[in-house]
Amino acid sequence: MSRIWKSKFKDHDVTDEGLYLSRRQIMAGAAGLGLGSIAGPAFAAPEGLEPNPIEDITNYNNYYEFGTGKTDPAENAGALTTQPWTVKIDGKVDKPGDYQLEDIIANAQIEERIYRLRCVEAWSMVIPWNGFTLASLLERAGVQSGAKYVAFETVARPEEMPGLRYPVLNWPYREGLRMDEAMHPLTILATGLYGKDLPNQNGAPLRLVVPWKYGFKGIKSIVRITVQDEEPFTSWSDANGREYGFYSNVNPEVNHPRWSQATERVIGAGLFGSRRETEMFNGYADEVASLYAGMDLKKFY
Ligand SMILES: Nc1nc2c(c(=O)[nH]1)N[C@H]1C(S)=C(S)[C@@H](COP(=O)(O)O)O[C@H]1N2
Ligand SMILES: [Mo]
């Protein structure tokens, strides 16, 4: 359980979920007083985001390599060996290589980001991630000028991932971002949540989080990051390009062919649940709308 990089956020280790909330409130207060550098993300989450309990976050998952049921990942993902972990960084970078995750993390600035995760299936929950900006890693790798896209790949180990037996998706799970999306300060690679190591079902030991896009863009258990000029292959667009586009920005005005995206079910909201109105770019329009200025978002969905 104890991983080398745990020392990176040791003050979180002793903090349970209840205490965590009050600590967060304290930090918010400190920031308000101008006390500076404690954990302040460059972009604050939308006002009033209360994280879901860790039980919701770790027992209601999509991780098809471990099965398509919402509780399959919690049951099966424990089998994934996450140490040691190597990430290949290749393509149009100055320093391609096979990097040990512990080295990546030892040089990373781990921050806390509380983001709403909005699944394309029209449900959402709020997750307090720990991670670092994808931009900081790409900058270290030295993205070559003019490079247009970043492609990502999940590990594929049939002996540990029972879902790989079924051709639900074209494995390995693959995703991609345009370079400006990848470099955006809201885009992170998560290494933990609630100040603990990332649970396997949430994509340990390294997963992408792009909060203004549907959850499936947040590829889990990443083993390869490739900088390239072609729009990356993405497993979901390959499975059904009409339902899942390359951009997949959260947009209440562009419905999924089989259901509305105007509202979302809030996971864990009491006995009968509740719904909320889905926000443009999942509430991050002020930060990211400019990336898509002039684009027809119904066409580039
Ligand atoms: N490799 C891989 N990554 C994946 C998925 C998956 O099935 N396999 N599911 C995606 C979907 S549909 C969602 S909504 C989020 C869910 O993340 P969570 O389980 O941490 O909430 O992970 C995304 N990343
Ligand atoms: Mo999803």
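Counting convention: from 1, in listed order, for ligands and their atoms alike.
Taking the side chain to side chain donor-acceptor pair (under 3.5 Å) definition, one finds that Thr86 meets it with Gln100, sequence neighbours left out.
Ligand 1 has Gly218 within reach: a non-hydrogen atom of the residue lies less than 4.0 Å from it. Residue contacts with ligand 1 include Arg207, since one of its heavy atoms falls under 4.0 Å from the ligand.
At the shortest separation from atom 6 (C) of ligand 1 among protein heavy atoms lies Tyr173 CE1, 3.2 Å. Residue, atom and distance of the protein heavy atom nearest to atom 21 (O) of ligand 1 are Leu117 CD1, 3.9 Å.
Not one N or O of Trp123 is nearer than 3.5 Å to an N or O of ligand 1, by distance alone. Considering backbone and side-chain N/O of Asn62, one or more are found under 3.5 Å from N/O of ligand 1. Looking at Trp236 next to ligand 1, no N or O pair under 3.5 Å apart turns up. Looking at ligand 1, you won't find any N or O of Trp129 less than 3.5 Å from one of its N or O atoms.
Per-residue contacts place Cys119 under 4.0 angstrom from the following atoms of ligand 1 (heavy atoms of the residue considered): 14 (S). In the vicinity of Thr154, heavy-atom distances shorter than 4.0 Å reach the ligand 1 atoms 1 (N).
Rounding to the nearest 0.5 Å gives a distance of 10.5 Å between OG1 of Thr58 and CG of Asn52. Rounding to the nearest 0.5 angstrom, the gap separating the OH atom in Tyr292 from the CG atom in Asn249 is 4.0 Å.
Cation-pi geometry between Lys217 and Phe246 is met: the NZ or CZ atom falls under 6.0 Å from the ring centre, inside 45° of the normal.
In this structure, Phe233 shares a hydrophobic cluster with no other residue, the cluster being traced through Ile, Leu, Val, Met, Phe, Trp and Tyr side chains under 4.5 angstrom apart.
Looking at Glu65 against ligand 1, only its side chain comes within 4.0 Å, counting heavy atoms. Residue contacts with ligand 1 for Tyr64 involve both N, CA, C or O and side-chain atoms from C-beta outward (heavy atoms, distance under 4.0 Å).
A distance below 6.0 Å separates the ring centres of Tyr64 and Trp236.
In Glu159, the CD atom is crowded: over 12 heavy atoms of neighbouring residues, nucleotides or ligands sit closer than 6.0 Å.
Atom 18 (P) of ligand 1 has its nearest heavy-atom neighbour, among Glu121, Gln201, Lys220, in Lys220.
A perpendicular orientation is assigned to the rings of Tyr63 and Phe66, their planes being inclined by more than 60° (bins at 30° and 60°).
Lys88 and Glu153 are not joined by a salt bridge, as no carboxylate oxygen comes within less than 4.0 angstrom of a charged side-chain nitrogen.
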